[in-house]
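Chain A is the first sequence line, chain B the second, and so forth, proteins listed ahead of strands; every chain is numbered from 1.
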There are 2 protein chains.
Amino acid sequence: MDTKSQLINTATALFQQKGYKSVGLNEILKACNVTKGALYHHFPNGKEELLIACLHDLNEAITTDIKTIFKENLSIREAIRSMIDKLVHDFESDGTLSGYTFSSMVSEMATVSEPVRNACSALYENIQHIFYEKLVTEGFSSESASEMALLMTASIEGAMMLCRTQKSTDPLKTVAKLIPNLLKSF
Amino acid sequence: MDTKSQLINTATALFQQKGYKSVGLNEILKACNVTKGALYHHFPNGKEELLIACLHDLNEAITTDIKTIFKENLSIREAIRSMIDKLVHDFESDGTLSGYTFSSMVSEMATVSEPVRNACSALYENIQHIFYEKLVTEGFSSESASEMALLMTASIEGAMMLCRTQKSTDPLKTVAKLIPNLLKSF
DNA sequence: CCAAACATACCAACCGGTCTGTTTGTTATT
DNA sequence: AATAACAAACAGACCGGTTGGTATGTTTGG
């Protein structure tokens with residue numbers, strides 16, 4: 001793999017685990033055996049440019065990942081189920097909840113840096129759009145589909161937060177169990 | 001107000017706005033005109049002890065705040081509605097979403113410091129417990145009440161995250177609108 | 001008189017970022 | 001084929017500023 005992708009990949013993982021400010025450049029550099037010169041060659045604007053590159057990469061990765069899940073599963077219930085199953089599995093295997101979340105970066109940077117906030121906003125919008133389209137094909141009206149997509153995104157993101165504080169996957173499991181009920185209520 | 005509370009209050013506000021790592025001790029000290037000596041007199045273990053004190057204070061403040069809202073409002077629908085209305089109002093007036101959230105602190109510290117993680121966990125549990133009790137008095141079974149309490153907490157927390165990235169209160173408003181539907185679905 | 005409640009100067013460690021090289025790969029010229 | 005020329009891709013020493021934290025003093029209330 002080339003140096004640039006290497007930087008993005010390890011930085012992404014570290015940012016997801018510890019947040020943005022908690023991870024120093026030297027930590028990233030050491031983790032992927034790259035020197036400072038190389039970093040500033042590929043990212044002249046330093047750490048924040050690297051973060052935005054990470055968010056862009058994450059956006060693409062998450063989007064394609066969810067899209068394939070939504071293609072493989074016929075109903076939105078099954079799709080959401082297998083999506084959350086994957087999150088739960090990842091969390092249980094490596095202990096870190098890095099799946100479709102970047103809340104650690106959102107919450108500390110969204111209020112500080114506009115470019116970062118925009119990158120995060122784009123990511124959430126993409127996720128919601130995938131939900132939205134699936135819901136529309138299942139007969140939901142445009143309005144209720146976008147509302148449901150928002151509710152689903154919010155509850156999953158919130159559940160991940162709870163999982164992190166509780167060191168347990170139960171919140172995600174509960175939400176996964178309840179989402180079918182939500183869909184019924186419309 | 002005494003020095004200790006002054007420190008806690010201003011630190012809480014700053015932490016909520018920018019997160020933990022982004023706020024330096026000197027920034028806090030300057031903001032409330034307190035010197036380093038005073039800080040380390042009241043919090044010998046420094047910044048992290050201050051953060052935990054903030055979380056404890058926040059816990060109490062949020063808990064009593066929500067409790068009074070839940071006493072004033074007969075149905076849980078009305079209670080949630082006025083709770084979110086308050087959040088929306090705060091966000092629209094001062095631009096910062098500091099209400100019942102501390103996700104900025106959770107996400108960057110929960111994976112790093114156990115004491116902080118515990119304090120955050122306690123806070124979420126308290127909130128859920130208030131929801132839970134109200135739901136039980138409205139006839140929900142113990143099991144579905146705790147599930148609903150979790151779902152509500154998660155979706156509100158997630159919605160706040162979305163609000164922050166979108167710089168809009170719409171996500172919270174949408175969630176507020178949909179929660180009655182959730183309750184019906186049980 | 002004594003301890004609690006500060007104030008202030010100071011510190012090593014670390015931060016992100018810049019600097020000046022050196023290596024390496026590509027292309028043009030003879 | 002050899003070489004000159006050039007730029008991209010690094011390497012690593014270095015820098016000023018800031019960080020959280022400490023040590024030592026001074027004030028103040030009981």
Side-chain angles (χ1 to χ4, degrees), chain A residues 1-55 57 104-105 107-117 119, chain B residues 1-55 57 104-105 107-117 119:
Chain A
M1 207 194 316
D2 63 325
T3 310
K4 193 170 183 177
S5 328
Q6 223 174 318
L7 277 168
I8 292 179
N9 289 341
T10 60
T12 301
L14 287 171
F15 286 155
Q16 281 184 316
Q17 284 166 32
K18 306 191 191 176
Y20 178 70
K21 295 261 182 183
S22 303
V23 181
L25 284 185
N26 291 323
E27 188 181 352
I28 301 171
L29 264 14
K30 201 172 156 191
C32 58
N33 233 34
V34 169
T35 59
K36 204 162 269 189
L39 194 161
Y40 276 88
H41 171 72
H42 293 289
F43 305 97
N45 293 331
K47 200 185 180 186
E48 184 162 329
E49 191 182 347
L50 174 60
L51 170 63
I52 292 175
C54 289
L55 289 172
D57 248 49
S104 30
M105 310 173 222
S107 33
E108 45 175 331
M109 290 299 290
T111 54
V112 180
S113 160
E114 270 295 297
V116 173
R117 195 188 60 78
Chain B
M1 207 193 318
D2 63 326
T3 310
K4 194 169 183 178
S5 329
Q6 221 173 320
L7 277 167
I8 293 179
N9 290 340
T10 59
T12 301
L14 287 171
F15 287 155
Q16 281 184 317
Q17 284 166 31
K18 305 192 192 176
Y20 178 70
K21 295 261 181 184
S22 301
V23 181
L25 284 185
N26 291 324
E27 188 181 351
I28 301 170
L29 264 15
K30 202 171 155 192
C32 58
N33 232 34
V34 169
T35 58
K36 204 162 268 191
L39 194 161
Y40 276 87
H41 172 72
H42 292 290
F43 305 98
N45 293 330
K47 198 185 180 186
E48 184 162 329
E49 191 182 347
L50 174 60
L51 170 63
I52 293 175
C54 289
L55 289 172
D57 248 49
S104 30
M105 308 174 223
S107 33
E108 45 175 329
M109 291 299 289
T111 54
V112 179
S113 160
E114 271 294 297
V116 173
R117 195 188 60 80

Worksheet entry | Short side-chain N/O contact to C:dA5 OP1/OP2 from B:Thr3, under 4.0 Å | no
Worksheet item: Can you name the nearest heavy-atom pair linking A:Thr111 to B:Gln17, along with the distance?
Response: OG1-O, 2.9 Å
Fill in: Value in whole Å for how far the C1' atom of D:dA13 lies from CG of A:Leu39
16 Å
Practice prompt. Would you kindly compare B:Asn26 and A:Thr35 by the position of their nearest DNA chain D nucleotide and give the one closer to the 5′ end?
Written response: A:Thr35
Worksheet item: Considering all heavy atoms of both residues, which atom of B:Leu39 and which atom of B:Val34 are nearest to each other, and what is their separation?
Response: N-CG1, 4.4 Å
Worksheet item: What nucleic acid atoms does A:Gly37 come within less than 4.0 Å of, heavy atoms only: base, sugar-phosphate, or nothing?
Response: base
Practice prompt. Using a 4.0 Å heavy-atom cut-off across all strands, classify B:Gly46 as base, sugar-phosphate, or nothing.
Written response: sugar-phosphate
Fill in: Intermediate values then yes/no, side chain to side chain contact (heavy atoms under 4.5 Å, CB included), A:Asn9 and A:Met1
CA-CA 10 Å; A:Asn9 289 341; A:Met1 207 194 316; 3.3 Å; yes
Worksheet item: Picking from D:dA11, C:dC6, C:dG16, which would you name as closest to the side chain of B:His42?
Response: C:dC6
Discussion item. Using a 6.0 Å distance limit plus a 45 degree cone around the ring axis, check whether B:Lys21 lies over the aromatic ring of A:Tyr20.
Written reply: no
Practice prompt. Measure from CG on B:Leu25 to C1' on C:dC14 and round the result to the nearest Å.
Written response: 15 Å
Worksheet item: NZ of B:Lys30 versus P of C:dT8: gap in Å, rounded?
Response: 15 Å
Discussion item. Judged by each residue's nearest nucleotide on DNA chain C, which is more toward the 5′ side, A:Glu48 or B:His41?
Written reply: B:His41
Discussion item. Measure NZ/B:Lys47 against C1'/D:dT22 and give the value in whole Å, please.
Written reply: 17 Å
Item to complete: To the nearest Å, give me how far apart CD1 (B:Ile28) and C1' (D:dT18) are.
Response: 14 Å
Discussion item. How many whole angstroms separate atom OH of A:Tyr40 from atom C1' of C:dT20?
Written reply: 16 Å
Fill in: D:dG12 phosphate, OP1 or OP2, under 4.0 Å from A:Lys36 side-chain N/O
no
Discussion item. B:Glu114 vs B:Arg117, test: salt bridge (charged side-chain N to carboxylate O under 4.0 Å, His left out). Steps then yes/no.
Written reply: CA-CA 5 Å; B:Glu114 271 294 297; B:Arg117 195 188 60 80; 2.8 Å; yes
Worksheet item: In whole angstrom, what separates A:Asp2's CG from D:dA9's P?
Response: 10 Å
Worksheet item: Whole-Å distance between C:dG16 C1' and A:Phe43 CZ?
Response: 15 Å
